[in-house]
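Quick notes on the structure that follows.
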Amino acid sequence: GGNWTYDNPDTIWGDGRFYRLTGRGYDSVGNPPGTPDEMSGIQASFTYDITQPTSTVVNLTEGAYYLNPTVLSGTAVDLKPGRVGTVRVQIRDLSVSECWHDVGGWTASCGSSDYNDADPPSPPSDNGNLNQHNWSYTIPGGINWSVRDGAKFAVRVKAQDLASNWEMGEAIVSSRT
């Protein structure tokens, strides 16, 4: 066996399409191998996915007041056959520009990487041409909400699908405790 590559810049991959790759080699005098049937010659298969998932927070209402929230939850969707693999959550206290970190508590760091992992998303349910997942994030008991009474918070959530496409936009819900 030897190594080979195939480069065809004119190939147009279809988003959400399933592909099977089959290779066939020839010996040094040009003899082909036995003709493989459709399944035995498959050497690789994949689904081409460039669609970004989207996510929402469903258990908070913009502008509402909450007393000691303990769980955030929502949905994350991806165009079929894509599936969401990760949901991340950021809780930002807008009054002092601090973010909650599961490790380290409240910090002034509120960058694009300052998110906490939600629980693994549920298996997908059918929603037309979308795979819909439910997600939840249990807010750790380490948040002392009482010292942040009256503060306005932003909850941001973003999803990543199994093809490593991150959601570009973020679902943002602001609320006061």
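Bear in mind that the values here come from a model prediction, so they are computed numbers and not experimental data. If you read the sequence from its start, that first residue is 1, and numbering goes on from there. Keep in mind that the numbers below use all heavy atoms, side chains included, and drop hydrogens, waters and symmetry copies.
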Any idea which heavy atoms bring Ser55 and Ala159 closest together, and the distance?
OG-N, 3.9 Å
Can you find a heavy atom in the side chain of Trp166 that is under 4.5 Å from one in the side chain of Arg88?
yes
Tyr137: which of Ile91, Asp117, Val87, Thr70 passes side chain to side chain contact (heavy atoms under 4.5 Å, CB included):
Ile91
Val96 side chain reached by Glu98 side chain, heavy atoms, under 4.5 Å:
yes
Name all residues meeting the side chain to side chain donor-acceptor pair (under 3.5 Å) criterion together with Gln160; count only those two or more places apart in sequence or in a different chain, and write none if there are none.
none
Applying side chain to side chain contact (heavy atoms under 4.5 Å, CB included) between Asn131 and each of Ser125, Pro124, Pro123, report the one that passes.
Pro124
Gap between atom CG of Asp78 and atom CG of Asn127 - 0.5 Å precision
12.0 Å
State whether the side chain of His133 and the backbone N or O of Ala76 hold a donor-acceptor pair below 3.5 Å, judged by distance alone.
no
If you measure from OG on Ser45 to CZ on Phe18, what distance do you get to the nearest 0.5 Å?
4.0 Å
Could you check whether any side-chain heavy atom of Asn134 comes within less than 4.5 Å of a side-chain heavy atom of Ser73, counting everything from C-beta outward?
no
Okay, side chain of Asp102, backbone of Pro140: is any donor-acceptor separation there less than 3.5 Å?
no
If you take all heavy atoms of Ser136 and Ala118, which pair is closest and at what distance?
O-CB, 3.3 Å
How many angstroms lie between CG in Asn116 and OG1 in Thr138, if you round to the nearest 0.5 Å?
11.5 Å
Output yes when Glu167 and Arg156 qualify as a salt bridge under the 4.0 Å nitrogen-oxygen rule, no when they do not.
no
Heavy-atom check, side chain of Val77 versus side chain of Val84, under 4.5 Å:
no
Where do Ile139 and Val71 land on the side-chain contact (heavy atoms from CB on, under 4.5 Å) test, with the steps shown first?
CA-CA 6 Å; Ile139 299 172; Val71 175; over 6 Å; no
Can you confirm whether Thr61 sits close enough to Tyr66 that some side-chain heavy atom of one is under 4.5 Å from a side-chain heavy atom of the other?
yes
Indicate whether the side chain of His101 and that of Thr107 have a donor and an acceptor atom separated by less than 3.5 Å.
yes
Please tell me if the side chains of Asn165 and Thr51 come closer than 4.5 Å, counting only heavy atoms from C-beta onward.
no
Main-chain N/O of Cys110 paired to Arg92 side chain as donor or acceptor, under 3.5 Å
yes
Where Gly85 and Pro121 come nearest, the two heavy atoms and their spacing
O-CD, 3.6 Å
Could you verify whether a donor N or O on one side chain and an acceptor N or O on the other, from Thr47 and Asp49, lie under 3.5 Å apart?
no
Positive for salt bridge (charged side-chain N to carboxylate O under 4.0 Å, His left out) with Lys80, one of Asp126, Asp161, Asp15:
Asp126
Take the angle between the ring planes of Phe153 and Trp106 and call it parallel below 30°, perpendicular above 60°, tilted in between.
tilted
For Trp100, is there any backbone N or O sitting under 3.5 Å from a side-chain donor or acceptor partner on Gln90?
no
With the side chain counted from C-beta on, respond yes when Val57 and Asn59 share a heavy-atom pair under 4.5 Å apart, and no when they do not.
yes
From Val58, Thr86, Val89, residue fulfilling side chain to side chain contact (heavy atoms under 4.5 Å, CB included) relative to Trp135
Val89
If you take the centroid of each ring, where Trp contributes its six-membered ring, are Trp13 and Phe46 closer together than 6.0 Å?
yes
Do the side chains of Thr56 and Val157 get nearer than 4.5 Å, heavy atoms only?
no
